[in-house]
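What follows is a short report on a single structure.
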Number of protein chains: 2
Amino acid sequence: MKIRTMGSATNKGILSWFYISRTYHIQLKRYSQFLKTWSLTPSQYEVLVNIRESGRMSQKELAEKMFLTKGNITQLIIKMENEGYISREQEWKTKYIRLTEKGNQLLDRIRPEQVNYFSQQFQGLTKKEQKRLIKLLKKVNETQINQDNE
Amino acid sequence: MKIRTMGSATNKGILSWFYISRTYHIQLKRYSQFLKTWSLTPSQYEVLVNIRESGRMSQKELAEKMFLTKGNITQLIIKMENEGYISREQEWKTKYIRLTEKGNQLLDRIRPEQVNYFSQQFQGLTKKEQKRLIKLLKKVNETQINQDNE
DNA sequence: CGTTGTTAATTGAGTACTAAATTGATAGCA
DNA sequence: TGCTATCAATTTAGTACTCAATTAACAACG
C-alpha cells in the first residue's frame, strides 16, 4: 500500500503525527470490532483495566488517567454501573468506583484474549522493534511542551 | 481467531497499543486547540490537505483515504462547502470536490504554522529518531492481518 | 421504452465525546 | 446557626462520528 498523503513541504514532525494518527485509526477500528464480542467499547474496557489497577479510584482520577472529561466519565460510568460491572460509593464529595464480581469476571475472561489479539496485531514488529517503538512514543509524551490546562 | 495460551506477560503488543493511543489522545487535544485559531477541526483540515494533493477527487475516494464513512464525509463536506472552502460538481453519479480560492488561501495561511507547530511538538525526538518512529509505524500498518471489511 | 442492477451520495437514528453551566456535599468562618 | 467558598459530579447542548437504509444517476438489456 503506497501512501503519499502528505504534500511537498513535508517535515518530519508532521509525518510523525500523520503516521501516529493513521495507525491509531486503523487499529481502533479493528479493536472496536474485537471488543464487540463482549459488547464493550475500547473506552469501557479501559475503564475496567484502570479500576482494577487502582483497586478503587475517584471519577476525577479516572478522567485524568484516561484523558477524558469528567462529564464523559459520568456518562460512561453510569452505563457500566447499570450493567453491573462497577459499583460506586460516595465518601465526602467524592464517588469512589470499584469493580463488582461481575466486572472482575468479565475482565478475567477478556484479558488473555486481548493479550493474544495485540500480539497478533503487532506481529509485524519484532519484540525489539516493539520495545523501540514504545520507547520513542514515551519520549514524545515526556517532552510535552508547557500548555494551559483548565 | 486463534487462541494460544500465552506464557507470562508477553504483552508488548498491548503496551505498544497503549502508547500509540495515549500519544494520539494527548496530541489530538493540543492539535484541536491549535486549529481553533482558524475555526477548523483536525478532520476539516485534513480534508483541505487531501483535496489539494489530488486536485480533485470524489467523496468516496476521500472517505477511503481518511478512514471515515461516506456518510461522515457527506456531512463534513456540506459544512465546508457552506463556508466556501470547497466546491462540488456532479459528473455521472459521482460528485467531485475541489478547493475554492478561499480554501486554497486558508490552506496557504495555515500550512507554514502547522509545520512549525509539529516540529515543536516532536522536538523531543531527534530527526533520526523521528525517522525511526515513522518507519516502525509504517511497518505496523503494512503488516495488517487480513480481516473482513464490509 | 421500461425494467433491473449497480454504485455514489444522502439521510436518519444512535453513540461517544466536549465544554460550560449547574448541583451537591462539606469545610470554615462570622 | 447561617453564609460563603471549594471542588467533585452531573446535566445540557452541541459536535463528530458510525451503521444501515434509502435515494439518485446512470448502464444495459429485453
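We use all heavy atoms of the structure for the numbers below, so side chains are in, but hydrogens, waters and symmetry mates are not. Every chain is numbered from 1, with letters handed out A, B, ... down the list of sequences. Model, not experiment: these values are computed from the prediction.
Taking 4.0 Å as the cut-off between side-chain N and carboxylate O, A/Lys65 and A/Glu53 count as a salt-bridged pair.
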Original post:
Where along nucleotides 11-16 of chain C does protein come under 4.0 Å, by heavy atom, of base (B) or sugar-phosphate alone (S), with - for untouched nucleotides?
Top reply: BB---S
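For A/Lys93 and D/dT6, a side-chain-to-base donor-acceptor distance below 3.5 Å is present, hydrogens and geometry of angles not being considered.
Residue contacts for A/Phe67: at a heavy-atom cut-off of 4.0 Å it reaches the sugar-phosphate backbone alone, with no base atom in range. Among the protein residues, A/Thr94 comes within range of the sugar-phosphate backbone only, with heavy atoms under 4.0 Å from sugar or phosphate atoms but none that close to a base.
If you measure from atom CD of B/Glu89 to atom P of C/dA9, you get 13 Å, rounded to the nearest angstrom.
Remark: B/Lys135 NZ is loosely packed, at most 12 non-hydrogen atoms of other residues, nucleotides or ligands lying under 6.0 Å away.
Between A/Lys29 and A/Tyr96, the residue whose closest nucleotide on DNA chain D is further toward the 5' end is A/Tyr96.
At the phosphate of C/dA27, OP1 or OP2 sits under 4.0 Å from a side-chain N or O atom of A/Trp92. Distances shown here put a side-chain N or O of A/Lys60 below 4.0 Å from the OP1 or OP2 atom of D/dA8.
An end-to-end axis angle of 30° holds for the helix from C/dC1-D/dG30 to C/dA30-D/dT1, taken from five base pairs per end and rounded to 10°.
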**OP:** For the pair A/Thr41 and A/Leu35, evaluate side-chain contact (heavy atoms from CB on, under 4.5 Å) and give the outcome as yes or no after the intermediate values.
**Re:** CA-CA 6 Å; A/Thr41 64; A/Leu35 286 177; over 6 Å; no
